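Sequence lines set the chain letters: A, B, ... in the order given, protein chains first and strands last, and positions in each chain run from 1. Bear in mind the structure is a predicted one, so any value in this text is a computation, not a measurement.
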2 protein chains.
Amino acid sequence: MFEVFFSQVKDKVLLSEAEQKLVKTFFSPKKIRKKQYLLQEGNICRHLAFVEKGLLRSYNVDEKGIEHMIHFAWEGWWMADMLSFLSNEPSTYHIDAIEEAELLLISQTDFEEMLLKVPVMERYFRILFQNNIISKERRLISSISNSAEEKYIHLTATNPELIKRIPQQLVASYLGITPETLSRIKKKLTKGV
Amino acid sequence: MFEVFFSQVKDKVLLSEAEQKLVKTFFSPKKIRKKQYLLQEGNICRHLAFVEKGLLRSYNVDEKGIEHMIHFAWEGWWMADMLSFLSNEPSTYHIDAIEEAELLLISQTDFEEMLLKVPVMERYFRILFQNNIISKERRLISSISNSAEEKYIHLTATNPELIKRIPQQLVASYLGITPETLSRIKKKLTKGV
DNA sequence: GTTTAAACTTGATTTATGTCAAGTTGATTT
DNA sequence: AAATCAACTTGACATAAATCAAGTTTAAAC
């Protein structure tokens with residue numbers, strides 16, 4: 001159950017056998033089915049979820065009822081509403097499974113306790129968050145700088161797996177464009193080949 | 001010189017006198033004039049900069065020569081190209097001073113050393129990065145979900161100081177819209193009052 | 001204090017993208 | 001395999017925002 005997890009963690013920091021054992025105790029496994037919610041708007045996000053298998057998405061819904069994709073997370077990625085998780089405020093996000101998923105959950109109090117008891121995990125999350133900032137910044141720059149077509153090209157270059165694995169309408173939402181526009185962009189680009 | 005710095009750090013973690021003294025040794029002060037560069041595209045970002053006084057901006061320039069604002073940092077904020085700083089790759093950003101600024105700089109190696117020698121600073125940066133992720137996520141959601149007018153209204157609500165302190169054309173760029181559009185939005189909104 | 005340059009505003013026009021609607025393809029369920 | 005539903009495509013049209021250009025205000029430089 002912890003295979004993907006520890007291979008990910010060991011990618012960033014060194015963990016002793018004892019530390020691994022201790023870290024394990026803070027997590028509990030959970031399986032969720034396709035379309036099942038992990039978090040619904042209005043509820044407090046009480047866990048960080050690590051994806052061992054499957055695929056999750058987080059999104060919010062605006063006044064017009066339109067969904068806006070915030071993140072996707074598959075094997076080796078984390079998923080949560082960090083704002084709600086850290087501040088204990090009700091979430092404005094939904095999180096659900098695009099593909100049936102196996103997760104490792106850690107609660108708010110266990111997260112804090114783990115970081116204090118296993119300082120190397122404090123380091124792991126500092127590095128993880130660092131990387132997250134960098135990738136968010138790139139997505140943001142693309143979002144404010146590029147046309148719809150450029151945004152799509154940029155995404156295929158920086159995240160080809162996402163294009164392959166995520167349904168097109170959700171990719172469109174992730175880019176902040178309509179499914180129709182994305183469909184036309186793809187047609188235009190394949191024509192050009 | 002470290003007044004703003006330690007008030008910021010103490011806001012997030014507890015520091016002993018000894019730790020404070022040690023932390024100070026890793027930083028060197030620097031003043032830069034208005035319009036002076038701290039970093040230019042193509043160079044490696046070798047320092048994190050903490051702003052004690054003044055105002056910095058980071059931006060990139062696209063093929064058409066258009067500047068896209070990435071961040072602003074005034075008293076109490078950090079500035080860097082994190083990607084370049086962490087990976088040692090040449091930066092794609094420019095960083096310069098909008099207002100004359102007093103900075104505290106820490107180098108890549110000193111940063112790593114400080115985090116290892118003063119674990120509470122590891123914690124500080126984990127928390128700092130956490131908060132950064134949340135604010136970037138909000139900006140991103142607004143960017144992909146909202147119209148130009150809604151983006152501007154959202155910014156006035158979440159970051160009123162930015163609107164007051166940053167020249168309008170830079171605010172427009174920060175929002176990913178043209179100065180003309182921002183000017184028209186402001187006119188429309190003041191009319192409505 | 002006058003000159004010069006930069007920032008901001010306003011108007012006319014163009015363009016990219018959104019919206020609405022209908023059709024097609026593909027997937028899921030019975 | 002047929003039926004049902006959702007995903008994707010395509011076309012016609014509407015609209016928000018960009019572009020281009022001129023004017024005005026404000027700030028900087030001499």
Side-chain angles (χ1 to χ4, degrees), chain A residues 33-36 55 57 59 61-69 72 96-100 142-156 162-193, chain B residues 33-36 54-55 57 59 61-69 72 96-100 141-156 162-193:
Chain A
R33 292 267 174 79
K34 201 171 165 169
K35 295 191 180 176
Q36 193 183 328
L55 175 57
R57 64 167 178 161
Y59 59 100
V61 182
D62 68 23
E63 329 79 54
K64 293 161 205 152
I66 299 168
E67 296 179 356
H68 302 281
M69 296 306 126
F72 302 107
D96 65 18
I98 297 178
E99 299 170 12
E100 188 177 58
S142 178
S143 176
I144 62 171
S145 309
N146 296 335
S147 67
E149 185 178 328
E150 288 166 335
K151 277 182 225 179
Y152 177 72
I153 292 171
H154 181 259
L155 185 63
T156 58
L162 194 152
I163 308 278
K164 279 178 214 140
R165 196 156 174 186
I166 311 287
Q168 265 192 52
Q169 54 171 179
L170 304 188
V171 173
S173 170
Y174 185 79
L175 290 171
I177 63 179
T178 58
E180 293 95 329
T181 297
L182 181 54
S183 177
R184 289 182 180 112
I185 286 168
K186 289 188 79 172
K187 193 189 175 190
K188 188 187 159 194
L189 291 176
T190 52
K191 249 193 198 168
V193 176
Chain B
R33 293 265 174 79
K34 201 171 167 171
K35 295 193 180 174
Q36 193 182 330
L55 175 56
R57 64 167 177 161
Y59 60 100
V61 182
D62 68 22
E63 331 80 52
K64 293 161 206 150
I66 299 166
E67 296 179 356
H68 302 280
M69 296 307 125
F72 300 106
D96 65 18
I98 298 178
E99 300 170 11
E100 188 177 56
I141 293 168
S142 178
S143 175
I144 63 172
S145 309
N146 297 334
S147 67
E149 184 177 329
E150 288 166 336
K151 278 182 226 179
Y152 177 72
I153 292 170
H154 181 258
L155 185 62
T156 58
L162 195 151
I163 307 277
K164 278 178 216 141
R165 197 154 173 189
I166 310 286
Q168 264 193 55
Q169 55 171 177
L170 303 188
V171 173
S173 170
Y174 184 80
L175 290 171
I177 63 179
T178 58
E180 292 95 328
T181 297
L182 181 54
S183 177
R184 289 183 180 110
I185 287 167
K186 287 188 78 172
K187 191 188 175 190
K188 189 187 159 195
L189 291 176
T190 51
K191 247 191 199 169
V193 175

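Taking OG from B:Ser143 and CG from B:Leu155, the interatomic distance works out to 11.5 Å, rounded to the nearest 0.5 Å.
Partners of B:Phe72 by ring pair (Phe, Tyr, Trp, His ring centres under 6.0 Å), not counting sequence neighbours, listed by chain and number: B:Tyr174. Under the rule for a side chain to side chain donor-acceptor pair (under 3.5 Å), A:Thr156 has no partner lying at least two apart in sequence or in another chain. Scanning for side chain to side chain contact (heavy atoms under 4.5 Å, CB included) contacts around A:Ser145 gives A:Ile141, B:His68, with sequence neighbours left out. B:Glu67 pairs by the side chain to side chain donor-acceptor pair (under 3.5 Å) definition with B:Arg57, not counting sequence neighbours. Evaluation of the salt bridge (charged side-chain N to carboxylate O under 4.0 Å, His left out) rule for B:Glu99 yields B:Arg165 as partners, not counting sequence neighbours.
Separating the CD atom of B:Glu67 from the C1' atom of C:dA6 is a distance of 13 Å, rounded to the nearest angstrom. Rounded to whole Å, the distance from CD1 on A:Ile185 to P on C:dT15 is 18 Å. The interatomic distance linking A:Glu150 (CD) with C:dT15 (C1') rounds to 14 Å, in whole Å. To the nearest angstrom, P of C:dA16 lies 14 Å from CD1 of A:Ile153. Rounded to a whole Å, the NZ atom of B:Lys186 is 12 Å from the C1' atom of C:dA7. In this structure, CG of A:Asn146 is placed 14 Å from C1' of C:dA16, rounded to the nearest angstrom.
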For nucleotides 18-21 of chain C, give me every protein contact, N/O to N/O, under 3.5 Å, one pair per line with atom names.
from	atom 1	to	atom 2	distance (Å)
C:dG18	OP2	A:Thr178	N	3.4
C:dG18	OP2	A:Thr178	OG1	3.1
C:dG18	OP2	A:Thr181	OG1	2.5
C:dC20	N4	A:Glu180	OE2	3.2

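Sorted by first then second residue, the salt bridge (charged side-chain N to carboxylate O under 4.0 Å, His left out) pairs that include residues 142-151 of chain B, not counting sequence neighbours, are B:Glu149-B:Lys188.
Of all heavy-atom pairs spanning B:Ile166 and B:Val171, the tightest one is O-CG2, 3.6 Å. The two residues B:Ala148 and B:Thr181 come nearest to each other via the heavy atoms CB-CG2, 4.1 Å.
Comparing B:Lys35 and A:Pro167 against DNA chain D, the residue whose closest nucleotide sits nearer the 5' end is A:Pro167. Taking the nucleotide of DNA chain C with the nearest heavy atom to each of B:Gln168 and A:Lys34, the more 5' of the two is matched to B:Gln168.
Of the possible donor and acceptor atoms, none in the side chain of B:Ser183 sits under 3.5 Å from a partner among the backbone N and O of B:Pro179.
Think of the region where chain B sits on DNA chain D: with heavy atoms and a 4.0 Å cut, that region ends 5' and 3' at D:dA17 to D:dA28.
With no hydrogens or angles considered, no side-chain donor-acceptor pair links B:Asn146 and B:Tyr152 at under 3.5 Å.
Comparing the local axis fitted to the first five base pairs of the helix from C:dG1-D:dC30 to C:dT30-D:dA1 with the one fitted to its last five gives a bend of 60°, rounded to 10°.
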